[in-house]
Amino acid sequence: MPFAEKELLKLDGLRVTGQSEDSLQFLFTGKLAALNKFKKATVVYLLSQFAVPRPKALLGNQQFAQLVNDIAFVMETQIFKSFRFEAAGKDSSVFGRLAEVLAKALKLVFDPEEGELMLRVRPFAEGWEVLIRLTPRPLSARSWRICNMPGGLNASLAVIMNELARPKPNERYLNAMCGSGTLAIEQGLGSSCKALVALDIRKDALDCARENISAAKLSHIELVQADATTYQSDEPFDVITADLPWGDVVGSHKGNAQLYPAFLENMARGSSDKARLVILTHEIKLFEKLLSQDKNWKLLQSLKVSHSGHYPRIYVLKKVI
Ligand SMILES: C[S@@+](CC[C@H](N)C(=O)[O-])C[C@H]1O[C@@H](n2cnc3c(N)ncnc32)[C@H](O)[C@@H]1O
């Protein structure tokens with residue numbers, strides 16, 4: 001959260017009023033559309049709160065008028081054609097009725113699966129709240145992403161990992177195990193580096209990354225098909241980022257027990273004395289055990305982050321010389 005918070009606080013007229021493990025609550029007096037440009041926040045909602053005992057009460061005159069008013073405010077900034085609910089009990093008759101009357105009042109189609117305007121309804125301490133998503137897609141869903149892969153990284157987290165790696169203009173950057181290219185692309189769109197290389201063992205991953213790189217209109221990312229446990233470049237890298245296989249959607253826990261130590265060792269061999277290695281993984285036990293035995297990398301920072309319902313960690317490592 002400190003990363004998203006720093007980005008939010010750059011906006012005039014924004015004051016943080018509350019915080020949880022993976023969200024910030026704030027008051028904002030500026031133009032709503034200014035909130036759609038965040039790179040590090042995954043999603044931004046307008047919060048509409050009601051002191052009512054159950055969702056059925058949202059159908060009451062006063063509550064319904066407030067809800068329609070708040071949704072209409074969000075609809076002034078974006079074109080939405082349809083809406084949907086995210087809520088426990090969203091298939092109940094109460095939500096069915098709410099969908100019916102909202103569709104009429106807002107002139108939107110109710111599409112329970114693909115609705116663009118997402119309304120998250122949930123209880124809070126004093127009643128029920130509706131979180132109205134400001135954009136048809138989450139902010140982390142970048143327009144350059146035309147190819148996705150299982151296990152693809154959230155672009156907001158990629159921006160944060162790159163910030164933690166602090167690549168400088170005279171440094172060489174490697175995105176090892178790049179998959180669809182998220183880390184390399186966000187770096188390419190951010191600050192400049194002397195070289196930007198994205199590497200994966202699989203051709204289909206590189207084909208996917210190539211499509212995304214082209215959609216992002218970037219021409220300076222070199223794609224390499226190689227095994228990250230043996231690959232060596234002619235010149236060492238100063239910054240290495242990797243979203244390692246977690247052993248569920250991509251790879252296996254058994255395979256990771258071999259892959260992770262071999263990767264750490266090879267990256268130490270192929271990097272400069274000032275190298276930083278920034279890793280994202282959900283294999284927390286394995287990775288921390290390896291780090292406790294590793295002589296090449298020193299842990300500078302570890303951060304618990306939220307990603308698609310999981311809580312992986314980002315590890316920031318510095319080469320030991
Ligand atoms: C979790 S995915 C990376 C997803 C990526 N960050 C993205 O945004 O799409 C892990 C990637 O590691 C690659 N990989 C696995 N073992 C590898 C190895 N030994 N060398 C290079 N790449 C490898 C897989 O092909 C896969 O694309």
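Whatever order the structure lists them in is the order used to number ligands and atoms, beginning at 1. Because the structure is a prediction, the values reported are computed rather than measured.
M177 SD, 3.8 Å is the protein heavy atom nearest to atom 14 (N) of ligand 1. Nearest non-hydrogen protein atom to atom 8 (O) of ligand 1 is T182 OG1, 2.5 Å. For atom 13 (C) of ligand 1, the closest non-hydrogen atom of the protein is D200 OD2, 3.3 Å. In terms of protein heavy-atom proximity, atom 21 (C) of ligand 1 is nearest to I201 N, 3.3 Å.
Close approach of ligand 1 to G152 (heavy-atom distance below 4.0 Å) involves ligand atoms 7 (C), 8 (O), 9 (O). Ligand-side atoms of ligand 1 in range of G179: 5 (C), 9 (O), 27 (O), range being under 4.0 angstrom from any heavy atom. Near L259, meaning under 4.0 Å from one of its heavy atoms, ligand 1 places the atoms 19 (N). Near A228, meaning under 4.0 Å from any of its heavy atoms, are these atoms of ligand 1: 18 (C), 19 (N), 20 (N), 21 (C). Near G151, meaning under 4.0 Å from one of its heavy atoms, ligand 1 places the atoms 1 (C), 4 (C). Interface atoms of ligand 1 facing S180, defined by a heavy-atom separation under 4.0 Å, are 7 (C), 8 (O), 9 (O). Atoms of ligand 1 found under 4.0 Å from any heavy atom of A226, numbered from 1 in the order shown, are 20 (N), 21 (C).
Between atom 6 (N) of ligand 1 and the options L244, N212, D243, D227, the minimum heavy-atom separation is to D243.
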Let me see the working for W144 and E211 under side-chain hydrogen bond (donor to acceptor under 3.5 Å, both in side chains), right down to the final yes or no. CA-CA 9 Å; W144 56 254; E211 280 186 51; over 6 Å; no
CA sep, side-chain torsions, deciding dist, call: S48, Q66, side-chain contact (heavy atoms from CB on, under 4.5 Å): CA-CA 8 Å; S48 194; Q66 181 195 321; 3.3 Å; yes
Step by step, work out the salt bridge (Lys or Arg N to Asp or Glu O under 4.0 Å) result for E235 and K194. CA-CA 11 Å; E235 263 189 82; K194 190 172 150 196; 3.5 Å; yes
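Within the 4.5 Å cutoff, the side chain of F287 has heavy atoms near those of the Y315 side chain. Taking 4.5 Å as the limit, some side-chain heavy atom of L174 sits within range of a side-chain heavy atom of M267.
Within the structure, ligand 1 has C178 among the residues with a heavy atom less than 4.0 angstrom away. The closest approach between a heavy atom of L183 and any atom of ligand 1 is not below 4.0 Å.
Every N/O-N/O distance between R202 and ligand 1 stays at or above 3.5 Å.
Cation-pi geometry between K90 and F85 is not satisfied (NZ or CZ under 6.0 Å from the ring centre, within 45° of the ring normal). Annotation: cation-pi geometry not satisfied between R133 and Y45 (NZ/CZ under 6.0 angstrom from ring centroid, within 45° of ring axis).
K318 places no side-chain N or O within donor-acceptor distance of the main-chain N or O of K274, the cut-off being under 3.5 Å. Looking only at distances, a side-chain donor or acceptor of N162 sits under 3.5 Å from a matching main-chain atom of L183.
R202 and Q225 make their closest contact through C-NE2, 4.0 Å (heavy atoms, listed as atom of the first residue, atom of the second, distance).
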